[in-house]
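To start, the structure itself, in structure tokens.
In each ligand, atom 1 is the first atom listed, and ligand 1 is the first ligand listed. Note that the structure is a prediction, hence the values are computed from the model and not measured.
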Amino acid sequence: MFNLILFGPPGSGKGTQSDKLVEKYGLIHLSTGNLLRKEIADKTPLGLEAKSFIDKGQLVPDEVVIGMVDSYFDLHKGAPGFLFDGYPRTVAQAAALDNLLELKKTEIELVLFLQVDEDELIKRLVHRGKTSGRSDDTDEQVQRKRQEVYRKETLPVAAFYTRQNKVVNIEGVGTVNEIFESLCEVIDKKRK
Ligand code: AP5
């Protein structure tokens with residue numbers, strides 16, 4: 001199995017690049033944001049709980065997200081590998097993922113960290129909010145809150161994987177194709 005994490009702040013291009021990477025490498029895309037939005041659209045109890053956090057720009061509680069990821073992983077037995085997008089987002093989630101992968105006798109090979117400055121992030125998200133229909137996209141206050149939560153709760157995840165020597169920084173400003181090529185270069189080197 002080849003498992004990688006696409007890491008970066010809200011708006012850094014994780015979703016955009018994930019679509020291209022899963023197509024090229026045949027990985028299973030595991031986006032906790034997409035899974036949560038599906039739960040919300042289906043009006044499940046999990047979705048209703050998650051919505052109250054997402055709308056405020058806060059993280060959904062760890063136990064909810066970790067359980068959801070474990071179930072999704074088990075739905076894809078025999079997968080060639082996973083691309084984790086927006087997960088893990090706390091050190092507790094990272095530790096839970098390490099445990100899960102160890103149980104399955106596999107591990108994270110690479111953490112690709114998209115580097116984009118905050119002004120560019122807000123610009124992208126406000127622009128996306130005009131058409132995305134995402135409840136957490138329209139209000140600039142919520143955008144700023146998401147960036148603040150990222151700095152406080154999610155950035156320590158990069159340090160967690162740096163200690164494992166797995167993080168590679170990638171310039172996240174440029175055209176979508178330029179960034180995709182940089183990502184592929186690092187992945188191809190690792191898969192050799
Ligand atoms: P989630 O759906 O994961 O959102 P996010 O991390 O905030 O990321 P975004 O989807 O906003 O951005 P992205 O990095 O994917 O960028 P994108 O490619 O879309 O999470 C949403 C919420 O769910 C969280 O706030 C939280 O409440 C909850 N949640 C999710 N996972 C959780 C977890 N593990 N634990 C707890 N809670 C969780 O690009 C952004 C925009 O920029 C797009 O319009 C795109 O077209 C544009 N763009 C992309 N690349 C470029 C480029 N190179 N140049 C210019 N524009 C670009």
Side-chain angles (χ1 to χ4, degrees), residues 5-23 29-41 46-73 82-97 100 111-158 160 170-183:
I5 294 173
L6 200 49
F7 189 82
S12 56
K14 302 184 297 295
T16 305
Q17 296 295 337
S18 291
D19 289 345
K20 294 170 75 69
L21 291 169
V22 295
E23 194 188 330
H29 184 197
L30 197 163
S31 155
T32 42
N34 287 351
L35 292 177
L36 290 167
R37 281 186 287 279
K38 168 89 170 61
E39 296 281 342
I40 294 171
L46 191 158
L48 290 177
E49 186 188 354
K51 187 170 170 25
S52 61
F53 293 96
I54 292 176
D55 285 356
K56 287 187 238 144
Q58 295 168 348
L59 293 183
V60 175
D62 283 336
E63 62 276 16
V64 174
V65 182
I66 291 168
M68 196 176 72
V69 168
D70 287 2
S71 312
Y72 193 81
F73 201 93
F82 285 81
L83 190 165
F84 295 93
D85 159 12
Y87 186 84
R89 249 178 159 97
T90 62
V91 170
Q93 291 178 17
L97 180 60
L100 172 72
V111 179
L112 298 166
F113 187 171
L114 292 170
Q115 310 281 324
V116 182
D117 63 81
E118 190 165 322
D119 285 347
E120 169 73 12
L121 296 169
I122 302 286
K123 202 171 80 191
R124 287 185 188 179
L125 292 179
V126 169
H127 181 72
R128 187 178 71 185
K130 290 181 190 151
T131 53
S132 71
R134 271 178 60 167
S135 56
D136 57 347
D137 266 356
T138 37
D139 183 336
E140 192 167 331
Q141 284 305 105
V142 175
Q143 304 295 5
R144 300 241 173 237
K145 177 75 188 170
R146 284 166 65 196
Q147 303 298 337
E148 181 194 323
V149 167
Y150 165 79
R151 283 193 301 273
K152 281 196 190 140
E153 300 186 50
T154 304
L155 207 45
V157 173
F160 177 95
I170 303 282
E171 172 61 58
V173 180
T175 69
V176 169
N177 280 338
E178 280 164 358
I179 298 162
F180 180 61
E181 276 173 25
S182 308
L183 292 165

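Under the ring-ring contact (aromatic ring centres under 6.0 Å, His included) criterion, Phe113 pairs with Phe7, sequence neighbours left out.
Polar contact with ligand 1: present for Gly86 (N/O pair, distance under 3.5 Å). At under 3.5 Å, a nitrogen or oxygen of Val60, whether backbone or side chain, sits near a nitrogen or oxygen of ligand 1. Residue-to-ligand polar distances place Gln93 within reach of ligand 1: an N/O pair is separated by less than 3.5 Å. The N/O atoms of Arg134, backbone and side chain alike, include one that comes under 3.5 Å of an N/O atom in ligand 1. Some N or O of Gly13 is nearer than 3.5 Å to an N or O of ligand 1, by distance alone. Between Leu59 and ligand 1, no pair of N/O atoms sits closer than 3.5 Å.
Using a 4.0 Å cut-off between charged side-chain N and carboxylate O, Asp85 and Lys14 make no salt bridge. Note on Glu120 versus Lys123: salt bridge recorded, some NZ/NE/NH1/NH2 to OD/OE distance being below 4.0 Å.
Ranking the protein heavy atoms by distance from atom 12 (O) of ligand 1 puts Gly11 N, 2.9 Å first. With respect to atom 15 (O) of ligand 1, the closest heavy atom belonging to the protein is Gly15 N, 2.8 Å. Looking from atom 8 (O) of ligand 1 to the surrounding protein, the closest heavy atom is Lys14 NZ, 3.5 Å. In terms of protein heavy atoms, atom 29 (N) of ligand 1 is closest to Leu36 CD1, 3.4 Å. Thr32 OG1, 2.7 Å is the protein heavy atom nearest to atom 31 (N) of ligand 1. The closest protein non-hydrogen atom to atom 56 (N) of ligand 1 is Arg124 NE, 3.5 Å. The shortest contact between atom 39 (O) of ligand 1 and any protein heavy atom is with Thr16 OG1, 3.7 Å. Of the protein's non-hydrogen atoms, the one nearest atom 53 (N) of ligand 1 is Gly174 O, 3.0 Å.
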Test log, rule side chain to side chain contact (heavy atoms under 4.5 Å, CB included), inputs Phe84 and Leu6
CA-CA 6 Å; Phe84 295 93; Leu6 200 49; over 6 Å; no

Just do the side chain to side chain contact (heavy atoms under 4.5 Å, CB included) check on Arg134 and Arg37 with the steps written out, would you?
CA-CA 9 Å; Arg134 271 178 60 167; Arg37 281 186 287 279; 3.2 Å; yes

Applying side chain to side chain contact (heavy atoms under 4.5 Å, CB included) to Leu21 and His29, what does each step give before you reach the verdict?
CA-CA 9 Å; Leu21 291 169; His29 184 197; over 6 Å; no

Checking Gln93 against Thr32 for the side chain to side chain contact (heavy atoms under 4.5 Å, CB included) test, could you report, in this order, the C-alpha distance in whole Å, the side-chain angles of both residues, the deciding distance, and whether it holds?
CA-CA 12 Å; Gln93 291 178 17; Thr32 42; 5.9 Å; no

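Going from atom CD of Gln147 over to atom CZ of Arg144 covers 8.0 Å, rounded to the nearest 0.5 Å. Between atom CD1 of residue Ile5 and atom CG of residue Leu97 there is a gap of 5.5 Å, rounded to the nearest 0.5 Å.
Side chain of Lys56 to main chain of Val142: no donor-acceptor pair is present (N/O by atom type, distance under 3.5 Å, no hydrogens or angles).
Close approach of ligand 1 to Tyr87 is summarised as follows: ligand atoms under 4.0 Å from at least one heavy atom of the residue are 34 (N). Every atom of ligand 1 is numbered from 1 in the order shown, and the set under 4.0 Å from a heavy atom of Ile179 is 53 (N). Listed by number with element, the atoms of ligand 1 under 4.0 Å from a non-hydrogen atom of Pro9 are 14 (O). Near Gln58, with a cut-off below 4.0 Å to any heavy atom, the atoms of ligand 1 are 26 (C), 27 (O). Every atom of ligand 1 with a heavy atom of Val65 under 4.0 Å away is listed here by number and element: 33 (C), 34 (N), 35 (N), 36 (C).
When heavy-atom distances to ligand 1 are checked against a 4.0 Å cut-off, Asp62 has no atom that comes that close, whether in backbone or side chain. The part of Leu125 lying near ligand 1 is the side chain, judged by heavy-atom distances below 4.0 Å.
For Phe53, the heavy-atom gap to ligand 1 stays at 4.0 angstrom or more. Under a 4.0 Å heavy-atom criterion, Arg37 is in contact with ligand 1.
When the options Lys145, Gln141, Glu140, Arg146 are evaluated for a side chain to side chain donor-acceptor pair (under 3.5 Å) with Gln143, the one that passes is Arg146.
Note: Phe82 and Tyr72 have perpendicular aromatic rings, judged against thresholds of 30 and 60 degrees for the angle between ring planes.
Taking 4.5 Å as the limit, every side-chain heavy atom of Pro10 sits out of range of all side-chain heavy atoms of Leu121.
Here the shortest heavy-atom distance to atom 6 (O) of ligand 1, taken over Arg146, Arg89, Arg128, belongs to Arg89.
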Kindly list each side-chain donor-acceptor pair under 3.5 angstrom involving residues 46-53, sequence neighbours excluded, with atom names and distances?
unit_1	atom_1	unit_2	atom_2	d
Lys51	NZ	Asp55	OD2	2.6
Ser52	OG	Glu49	O	2.8

